There are 2 protein chains.
Amino acid sequence: MPGGFGKGSVWCHGRFRGYGYRMTVSRQAILDVLNTTVKHLSAEDIYHEVHKIHPSSGMSTVYRTLELLSRLKLVFKFDFGDGRARYELNKRLENKEYHHHHLVCINCQRVIDYTDFIEDEVELLKKTEKGLSKKYNFKIMRHILQFYGLCNRCEEKGKE
Amino acid sequence: MPGGFGKGSVWCHGRFRGYGYRMTVSRQAILDVLNTTVKHLSAEDIYHEVHKIHPSSGMSTVYRTLELLSRLKLVFKFDFGDGRARYELNKRLENKEYHHHHLVCINCQRVIDYTDFIEDEVELLKKTEKGLSKKYNFKIMRHILQFYGLCNRCEEKGKE
DNA sequence: TTGAGAGTGGGAATCATTATCAATAAGGAG
DNA sequence: CTCCTTATTGATAATGATTCCCACTCTCAA
Ligand SMILES: [Mn+2]
Ligand SMILES: [Mn+2]
Ligand SMILES: [Zn+2]
Ligand SMILES: [Zn+2]
């Protein structure tokens with residue numbers, strides 16, 4: 001959608017205003033970048049993409065905006081263990097969260113989203129959370145589950 | 001065990017030699033520190049403790065040794081999301097790994113080890129790993145599961 | 001249209017971790 | 001025990017992601 005703004009950012013526009021924040025060209029550019037990718041971008045990745053749309057935006061603004069979006073739960077922030085954070089727009093399917101986890105390739109850093117076994121997982125986690133909350137008197141607020149390994153391409157290369 | 005070395009480090013001594021590495025006073029001190037704590041120490045924590053035993057050891061050696069121990073699978077390295085790595089000796093109970101996960105307090109950083117529901121978890125993870133390996137042709141090598149929330153003390157304080 | 005103040009950019013600061021390198025010390029051979 | 005090779009060390013500099021700072025700019029309700 002060249003020249004325009006995706007519905008994501010339009011929606012966020014209202015969201016920002018509702019919280020008393022302002023919508024700016026930098027924020028729109030960042031949202032557009034996040035909205036038109038399926039990858040898990042780092043702050044620097046986003047900065048480079050934003051730079052194509054709006055060259056005068058700075059790195060500080062990218063970090064600040066990502067921090068704000070995380071706080072508003074509009075983006076998720078992930079750590080895949082390579083020393084830099086990754087960000088992903090919180091895309092909702094029919095009003096409910098798109099709960100998914102990640103397979104991370106320890107060789108090429110490729111990240112695969114998956115939702116398989118999420119039902120079983122949610123069930124186990126619910127049970128675990130309940131048990132742990134009671135036993136340790138600990139109020140669980142969120143969890144992380146990640147698998148690390150080798151993607152098909154890297155696995156093949158390793159065999160040579 | 002003042003003046004001596006715990007069996008952990010003696011055992012590791014042989015382990016090192018077997019790999020062609022040398023056992024040094026710094027490495028012994030680091031192992032002793034890890035061996036006599038139940039906490040999840042950062043590199044700096046370890047450095048300070050080591051300094052009490054062997055004041056001339058430097059930070060570089062702490063990092064290098066932890067890196068080596070991680071590679072040899074003698075210690076586990078964790079990221080609890082506060083910007084610094086934590087380390088824990090791989091204590092084995094009767095020859096098998098002590099598989100456990102963590103509850104992390106997002107307020108005071110306290111970490112609780114738990115093994116509850118590990119059987120169910122291992123079962124689910126095994127199933128998930130098998131399914132994901134096949135579907136995405138991805139070779140899973142390890143996983144991370146962590147719960148974040150508020151410990152009893154912080155939960156209480158929050159209510160005031 | 002305007003003004004209060006939210007937001008910005010660029011450069012400096014922070015801070016955990018790594019890299020460098022001359023000096024040291026582990027440990028096998030003799 | 002002594003010697004010699006070289007793995008290891010400690011001090012310090014370098015790195016790199018993220019945060020801080022502050023004078024200037026832009027948003028938007030009135
Ligand atoms: Mn994802
Ligand atoms: Mn632990
Ligand atoms: Zn790969
Ligand atoms: Zn706490």
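None of the values given here were measured: they were computed from a predicted structure. Numbered from 1 within each chain, the chains take letters A, B, ... in sequence-line order.
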> Roughly how many Å is it from CZ in B:Arg84 to C1' in D:dT19, rounded to a whole number?
Replying inline: 15 Å
> Which residue lies toward the 5' end of DNA chain C, A:Thr65 or B:Gly83, if each is placed at its nearest nucleotide?
Replying inline: A:Thr65
> Under 30°, 30 to 60°, or over 60°: which ring-plane class applies to B:His51 and B:Tyr47, parallel, tilted or perpendicular?
Replying inline: tilted
> Heavy atoms under 4.0 Å, any strand shown: does A:Thr24 hit a base, just sugar-phosphate, or nothing?
Replying inline: sugar-phosphate
>> Side chain of A:Ser60, heavy atoms from C-beta onward: which of D:dC20, C:dA19, C:dT18 has the nearest atom to it?
In response: D:dC20
>> Does the Lys NZ or Arg CZ of A:Arg142 fall within the cation-pi geometry relative to B:Tyr148 - under 6.0 Å from the ring centre and within 45° of the axis?
In response: yes
>> Please pick, from D:dC20, D:dG10, D:dA17, the nucleotide with the shortest atom-to-atom distance to any side-chain atom of B:Ser56.
In response: D:dG10
>> Nearest to the A:Arg22 side chain among D:dC28, C:dG9, D:dA11, which nucleotide is it?
In response: D:dC28
> What class does the angle between the rings of B:His102 and B:His40 fall in, given that below 30° is parallel, 30 to 60° is tilted and above 60° is perpendicular?
Replying inline: perpendicular
> Looking across every strand, which nucleic acid part, if any, lies under 4.0 Å from A:Ser26 by heavy atom: base, sugar-phosphate, or nothing?
Replying inline: sugar-phosphate
> Nearest-Å distance, CZ (A:Arg64) to C1' (D:dC20)?
Replying inline: 10 Å
> Roughly, in whole Å, what's the span from OH in A:Tyr21 to C1' in D:dT27?
Replying inline: 16 Å
>> Among C:dA16, D:dG10, D:dT8, which nucleotide has an atom closest to any side-chain atom of B:Tyr63?
In response: C:dA16
